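Notes follow the structure.
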Amino acid sequence: MLHAVPLPPAEVPQAPARIVTGLYLRCLREGQGIRLDDAARAVGVSTAAVSRWERAKSPIGPDALSTLLRRYGVADADRNFLVESLPPQNYDRRTYKEQGEGRRAPHDSWADVAGDEATARHIALMRSASEVIQYCPLPPAGLRTQNYELVVQDPEVCVIPDEPVLGLPTWVHHVPWAERQRRTVLLDETVLTRGHGTHSATVAGQLRHLADLVGRETPNGQGLTIRILPLDELLFIHLIGATAEVTIHGHRMLVRVSLFPSYETGSGAARVISASLHEAVGAAWSREATYEALVKAAEDMERRAAS
């Protein structure tokens with residue numbers, strides 16, 4: 001049985017718009033080869049100040065944000081959207097009461113509706129996070145074979161891409177996967193049977209690829225961990241659907257994608273969903289059971305493809 005990662009001690013969370021915008025600033029700057037001191041000179045602050053903004057360790061003001069985004073070539077509409085999305089510089093979540101069914105304070109949740117730039121920011125976040133726990137109905141980005149990727153990224157199959165494709169901003173193509181990312185992927189049990197028909201051979205190859213990744217996992221729990229989440233016991237995460245909890249620059253944040261990426265920190269809803277993800281980690285099949293199920297499903301799919 002895979003052991004759940006202990007939940008972190010309570011802390012005052014940063015607004016998700018600040019976290020994502022900070023990472024966006026860093027990715028744009030690094031993608032264009034702009035040094036930290038050059039960015040600092042553009043807004044008249046220290047390099048330490050820019051570094052804190054990029055890591056969401058301190059709030060960036062609207063003028064500084066607008067200046068940096070303009071320096072990095074961000075279009076007016078996207079620039080205005082991000083400036084308007086940020087909470088005030090003096091925003092302190094502790095001064096607000098949680099309200100509504102989700103027990104949210106202002107700025108606990110943020111929907112990034114800025115089209116292709118929003119999609120690119122989501123991709124950058126998932127690649128840059130130091131830790132990811134995600135529940136997926138399909139094999140996610142970074143774990144796919146080339147043939148399976150072509151099927152998944154077909155616009156008729158996947159409305160919102162989760163890997164860089166033609167048409168997305170060029171900067172996101174240069175964002176690498178974090179070298180020491182600790183990533184736990186919980187695949188819905190239906191992944192073992194979904195995809196028969198015209199794509200049976202492709203899906204069989206994908207299942208064997210996943211089994212190979214499971215077989216190469218390190219015993220210390222570092223790096224990538226793939227597990228099947230069974231359906232014999234209905235968990236809350238089954239009702240929530242595809243969800244991820246990411247840790248970036250020390251901030252923990254929930255991530256969901258439907259028509260656009262949405263992010264949440266701090267709220268009662270975020271705490272419940274986070275707990276459900278960690279519950280699912282504990283309920284997932286063992287490494288051995290996951291490997292055996294993937295191999296058997298691949299064999300079944302190959303027989304279907306040959307018939």
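This structure is a prediction, so every number in the text was calculated from the model and none was measured.
- Applying the salt bridge (charged side-chain N to carboxylate O under 4.0 Å, His left out) test to residues at least two apart or on different chains, the pairs with a partner in residues 42-70 are Arg29-Glu54.
- Within the model, atoms CD1 of Ile226 and CG of Leu186 stand 10.5 Å from one another, a figure rounded to the nearest 0.5 Å.
- Residues Met301 and Thr193 are not in side-chain contact: their nearest non-hydrogen atoms beyond the backbone lie 4.5 Å or more apart.
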Working note: Met253 + Gln14, criterion side chain to side chain contact (heavy atoms under 4.5 Å, CB included); need CA distance, chi angles, decisive distance, verdict.
CA-CA 9 Å; Met253 180 169 59; Gln14 281 285 358; over 6 Å; no

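- Minimum interatomic distance between Pro16 and Thr265 (heavy atoms only, all atoms of both residues): CD-OG1, 3.3 Å.
- Without hydrogens or angle criteria, Thr247 side chain to Gly250 main chain gives no donor-acceptor distance under 3.5 Å.
- Between Glu292 and Lys296 there is no salt bridge, since no side-chain nitrogen of the basic residue lies less than 4.0 Å from a carboxylate oxygen of the acidic one.
- The structure places OG1 of Thr21 at 13.0 Å from CH2 of Trp53, a figure rounded to the nearest 0.5 Å.
- Salt-bridge formation is not detected for the pair Arg252/Glu264: no Lys NZ or Arg NE/NH1/NH2 atom is positioned less than 4.0 Å from an Asp or Glu carboxylate oxygen.
- Side-chain contact check for Pro230 versus Trp285: some heavy-atom pair is nearer than 4.5 Å.
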Going through the distances and angles, do Met126 and Val132 end up as a side chain to side chain contact (heavy atoms under 4.5 Å, CB included)?
CA-CA 8 Å; Met126 298 303 291; Val132 177; 3.9 Å; yes

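- Cluster annotation: Val281 and Leu231 are assigned to distinct hydrophobic clusters (Ile/Leu/Val/Met/Phe/Trp/Tyr, side-chain heavy-atom contacts under 4.5 Å, transitive).
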Taking only distance into account, with no hydrogens and no angle test, what donor-acceptor pairs under 3.5 Å do side-chain atoms of residues 33-46 form with protein atoms, sequence neighbours excluded?
residue	atom	partner	partner atom	Å
Arg35	NE	Asp37	OD1	3.3
Arg35	NH2	Asp37	OD2	3.3
Asp38	OD1	Arg41	NH2	2.2
Ser46	OG	Ala49	N	3.1

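- Considering every non-hydrogen atom in both Ala178 and Ala129, the closest pair reads CB-O, 3.7 Å.
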Could you walk me through whether Ile60 and Leu25 satisfy the side chain to side chain contact (heavy atoms under 4.5 Å, CB included) test, starting with their C-alpha distance in whole Å, then the side-chain angles of each, then the deciding distance to 0.1 Å, before giving a yes or no?
CA-CA 11 Å; Ile60 184 173; Leu25 289 172; 4.0 Å; yes

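- Of the candidates Ile133, Ile273, Thr184, Ile133 is the only one forming a side-chain contact (heavy atoms from CB on, under 4.5 Å) with Glu245.
- A search for salt bridge (charged side-chain N to carboxylate O under 4.0 Å, His left out) contacts involving Glu117 returns nothing, not counting sequence neighbours.
- In terms of modelled atom types and a separation under 3.5 Å, the side chain of Arg104 and the main chain of Gly266 share no donor-acceptor contact.
- Rounding to the nearest 0.5 Å gives a distance of 6.0 Å between CD1 of Ile248 and CZ of Arg26.
- Considering only heavy atoms from C-beta on, Pro59 comes within 4.5 Å of Arg18 through its side chain.
- For the residue pair Thr225/Glu217, the side-chain donor-acceptor check at 3.5 Å is not satisfied.
- Between Val172 and Arg127 the shortest heavy-atom distance is O-NH1, 4.1 Å.
- Arg121 CZ to Ile19 CD1: the interatomic distance, rounded to the nearest 0.5 Å, is 14.0 Å.
- Arg71 is linked by a side-chain hydrogen bond (donor to acceptor under 3.5 Å, both in side chains) to nothing, counting only residues two or more places apart in sequence or in another chain.
- Checking side-chain atoms of Ser85 against main-chain N and O of Phe81 turns up a donor-acceptor pair under 3.5 Å.
- By the rule that hydrophobic residues join a cluster once side-chain heavy atoms approach within less than 4.5 Å of another member, Val20 and Trp177 end up as members of separate clusters.
- Tyr91 places a side-chain N or O within 3.5 Å of a backbone atom of Pro106 that can act as its donor or acceptor partner.
- Taking the side-chain contact (heavy atoms from CB on, under 4.5 Å) definition, one finds that His174 meets it with nothing, sequence neighbours left out.
- The shortest side-chain heavy-atom distance between Leu69 and Leu28 falls under the 4.5 Å cut-off.
- Judged purely by atom type and a 3.5 angstrom limit, Gln181 has no side-chain atom pairing as donor or acceptor with the backbone of Ser130.
- Taking the centre of each ring, Tyr24 and Trp171 come in below the 6.0 Å mark.
- Closest heavy-atom contact between Arg194 and Pro137: NH1-O, 2.5 Å.
- In this structure, the side chains of Glu131 and Val246 stay at 4.5 Å or more apart for every pair of heavy atoms.
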Would Leu207 and Tyr148 count as a side chain to side chain contact (heavy atoms under 4.5 Å, CB included) here? Give the steps.
CA-CA 10 Å; Leu207 292 171; Tyr148 189 81; over 6 Å; no

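- Rounded to the nearest 0.5 angstrom, Leu210 CG and Leu294 CG are separated by 5.5 Å.
- Across all non-hydrogen atoms, the minimal contact from His209 to Arg144 is CD2-C, 4.3 Å.
- The backbone N or O of Thr47 sits nowhere less than 3.5 Å from a side-chain atom of Ser51 that would complete a donor-acceptor pair.
- Rounded to the nearest 0.5 Å, atoms CG (Leu254) and OG1 (Thr243) are 7.5 Å apart.
- Put simply, the side chain of Ser66 never gets that close to the backbone of Pro62: no donor and acceptor are under 3.5 Å apart.
- Arg256 contributes no side-chain N or O that, together with a main-chain N or O of Pro261, makes up a donor-acceptor pair within less than 3.5 Å.
- Side-chain contact check for Leu224 versus Val214: every heavy-atom pair is 4.5 Å or farther apart.
- No more than 12 heavy-atom neighbours from other residues, nucleotides or ligands sit within 6.0 angstrom of OH on Tyr291.
- For Thr145 against Gln206, the heavy-atom pair with the smallest separation is N-OE1, 2.9 Å.
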Could you go step by step and tell me if Asp300 and Arg304 meet the salt bridge (charged side-chain N to carboxylate O under 4.0 Å, His left out) rule?
CA-CA 6 Å; Asp300 292 342; Arg304 291 177 183 176; over 6 Å; no

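- Between the side chains of Ser262 and Trp110, no donor-acceptor pair of N or O atoms lies under 3.5 Å.
- His278 places no side-chain N or O within donor-acceptor distance of the main-chain N or O of Ala275, the cut-off being under 3.5 Å.
- There is a side-chain donor-acceptor pair under 3.5 Å between Asp188 and Tyr135.
- By the side-chain contact (heavy atoms from CB on, under 4.5 Å) test, Pro140 is found to be paired with Gln134, Cys136, Leu143, Arg183, Val185, Leu187, residues two or more places apart in sequence or in another chain being considered.
- For the pair Asp108 (side chain) and Ala105 (backbone), a donor-acceptor distance under 3.5 Å is present.
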